[in-house]
Number of protein chains: 2
Amino acid sequence: MTQDRNRGVDDPARLRGIVRDIPQATVARLPVYLRALHELAERRVGTVASQVLARAAGVSPAKLRKDLSCLGSYGTRGVGYDVATLAEQIARQLGLTQDWPVVIVGVGKLGQALANYAGFADRGFRVVGLLDADPARVGQIVAGSVVRPATELERVVAEHGVCIGVLATPAGSAQRMCDRLVAAGVSSILNFAPVVLSVPDGVDVRKVDLSLELQILAFHEQRKDAVRRAAGVLGAMRA
Amino acid sequence: MTQDRNRGVDDPARLRGIVRDIPQATVARLPVYLRALHELAERRVGTVASQVLARAAGVSPAKLRKDLSCLGSYGTRGVGYDVATLAEQIARQLGLTQDWPVVIVGVGKLGQALANYAGFADRGFRVVGLLDADPARVGQIVAGSVVRPATELERVVAEHGVCIGVLATPAGSAQRMCDRLVAAGVSSILNFAPVVLSVPDGVDVRKVDLSLELQILAFHEQRKDAVRRAAGVLGAMRA
DNA sequence: CTTTGTGAACAGTTTCACAGCC
DNA sequence: GGCTGTGAAACTGTTCACAAAG
């Protein structure tokens with residue numbers, strides 16, 4: 001807070017400082033912990049130690065404890081964490097106790113997969129609009145909703161107070177649709193199109209890039225190959 | 001290299017040290033640079049300055065230059081980078097100059113979207129098998145290939161020397177299919193199922209979690225709301 | 001004069017290890 | 001005894017600023 005002393009009260013950085021801030025890396029893991037907690041709750045587990053929860057989430061116990069300490073002290077020393085309480089606290093921090101109306105722009109195979117994805121509905125994300133520019137897709141029923149023409153984007157956003165948009169269009173139309181979402185009032189975008197979107201300040205974009213992930217794997221795979229070859233050469237040299 | 005002095009030559013960590021290592025964060029950005037370079041090449045741009053390429057890739061020029069310096073000195077001071085040369089070097093580092101046979105396990109909407117995704121074929125990823133446990137899907141044609149029964153997993157992996165597997169199954173069967181992929185010799189897995197996979201050492205897993213990304217956006221969106229409310233309160237107090 | 005390549009400062013994240021509480 | 005919460009240390013990644021090169 002000290003570094004904000006000379007800012008005005010209207011300064012967004014100052015105002016953000018009022019809310020306790022949580023490191024990016026921690027925020028990205030909270031949903032993982034939440035899922036693990038839901039699984040434990042289903043198995044009627046009442047209390048869990050950091051060791052066990054960490055294993056279920058695929059992180060180290062120390063990291064888990066540090067992450068959870070950002071939310072407050074919800075554990076009991078010598079015992080562990082109450083599964084239900086902790087799940088509730090994480091959900092609250094993530095803003096999942098409220099309902100988030102979402103539009104999906106682009107209803108190809110990927111858009112359809114997203115519309116059908118149970119993980120969305122489970123977490124308070126309600127798909128209130130499926131939009132597509134292709135007249136052949138308009139009118140189809142996907143995941144129980146009718147696909148509407150892209151021209152209705154502004155209407156759907158305004159009608160449901162949509163803040164979060166999912167872009168699953170081809171690369172060519174992603175920026176144009178993004179601009180329209182932002183103009184209509186959407187301030188968070190999940191982008192599946194393989195392009196770098198440009199958006200004004202205050203709009204968050206997260207990108208999921210399918211081919212990027214494979215390329216990273218290819219890098220490591222090639223690296224393993226190189227190591228295997230090097231081992232072979234060194235082995236041969238010794239012989 | 002100094003810390004490896006007392007390791008044996010068979011130690012994988014030592015052998016990995018022989019290959020020049022590139023920071024994780026840099027590896028994750030190389031595919032983005034590569035895409036930007038391909039776009040520039042299509043527009044017949046021959047040379048590009050870090051400033052311009054950085055903008056196209058959505059990073060800062062300093063970060064771009066530091067990243068590229070890991071690959072060697074392929075720029076010319078006062079001029080910039082040769083688009084074709086740089087693209088080639090990045091592709092080589094990522095291992096995209098070779099062809100990677102890939103299997104997709106689980107051919108629901110998401111699996112179909114992945115099978116049809118042009119970005120894979122473009123980068124040397126060749127889908128050599130579509131597998132599904134559901135008899136209703138077996139035999140269907142998806143992206144020009146026939147869907148085969150999951151029982152053929154081991155045969156397909158062996159036949160094509162598959163190193164990379166893509167998991168797009170429901171959560172319930174992901175770990176089982178993962179175990180079979182690993183047992184068959186796959187050592188890199190791209191996981192779309194919402195579970196934490198456990199794999200032996202030496203196997204790389206990357207996870208793409210659709211609902212996780214939305215939850216992170218919800219967090220930031222809620223945070224913005226809180227800031228807006230705080231601004232409102234402070235504004236009212238002044239009035 | 002322009003633009004790269006890079007050491008050095010800085011910022012963010014993870015790990016360690018242990019005090020404090022049950 | 002067991003387990004959490006947390007400073008301090010170690011590590012990783014980013015930004016700065018400028019010397020070196022064309």
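In what follows, every heavy atom counts, from backbone to side chain, and hydrogens, waters and symmetry copies are set aside. Because the structure is a prediction, the values reported are computed rather than measured. Sequence lines set the chain letters: A, B, ... in the order given, protein chains first and strands last, and positions in each chain run from 1.
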Partners meeting side chain to side chain donor-acceptor pair (under 3.5 Å) with [X] (sequence neighbours left out):
X	result
B:E213	A:R206
B:T76	none
A:D225	A:R228

(message) Going 5' to 3' along DNA chain C, between which two nucleotides do contacts with chain B fall, using a heavy-atom cut-off of 4.0 Å?
(response) C:dT2 to C:dA8
(message) What is the separation between atom CG on A:L71 and atom P on D:dT4, rounded to the nearest whole Å?
(response)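 Whole-Å distance recorded here is 14 Å.
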(message) In this structure, how many angstroms lie between the P atom of D:dG5 and the CG atom of A:L64, rounded?
(response)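 From A:L64 CG to D:dG5 P: 10 Å.
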Got a sec, which pairs hit salt bridge (charged side-chain N to carboxylate O under 4.0 Å, His left out) with one end in [range], sequence neighbours left out?
range	value
residues 30-40 of chain A	A:R35-B:D209
residues 191-200 of chain A	none
residues 82-103 of chain A	A:D99-A:R126

Pairs of donor and acceptor atoms involving the side chains of residues 184-191 of chain A, under 3.5 Å and at least two apart or interchain, shall be tabulated with distances.
| from | atom 1 | to | atom 2 | distance (Å) |
| --- | --- | --- | --- | --- |
| A:S187 | OG | B:E221 | OE1 | 3.1 |
| A:S187 | OG | B:E221 | OE2 | 2.8 |
| A:S188 | OG | B:E221 | OE1 | 2.4 |
| A:N191 | OD1 | A:A193 | N | 2.8 |
| A:N191 | ND2 | A:A193 | O | 3.2 |
| A:N191 | ND2 | A:V195 | O | 3.2 |

(request) Please state whether the phosphate of D:dT4, meaning OP1 or OP2, lies under 4.0 angstrom from any side-chain nitrogen or oxygen of A:T76. (result) no
(message) On the nucleotide D:dC3, are OP1 or OP2 found under 4.0 Å from the side-chain N or O atoms that A:Y74 carries?
(response) no
(request) State which residues pass ring pair (Phe, Tyr, Trp, His ring centres under 6.0 Å) with A:Y117; sequence neighbours excluded, sorted by chain then number. (result) A:F120
(request) Let me have a per-nucleotide readout for nucleotides 13-20 of chain D, 5' to 3', with B, S or -, counting only protein heavy atoms under 4.0 Å. (result) SSB-B-BB
Acceptor/donor pairs from residues 50-57 of chain A side chains to any protein atom, 3.5 angstrom cut, sequence neighbours excluded:
| from | atom 1 | to | atom 2 | distance (Å) |
| --- | --- | --- | --- | --- |
| A:S50 | OG | A:R65 | NH1 | 3.3 |

(message) Only Watson-Crick and G-U wobble pairs with both distances less than 3.5 Å should count. Give DNA chain D in dot-bracket notation, marking inter-strand partners with |.
(response) ||||||||||||||||||||||
(request) With rounding to the nearest 0.5 Å, note down the distance linking CH2 in A:W100 to CD in B:Q215. (result)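 A:W100 CH2 to B:Q215 CD: 12.5 Å, rounded to 0.5 Å.
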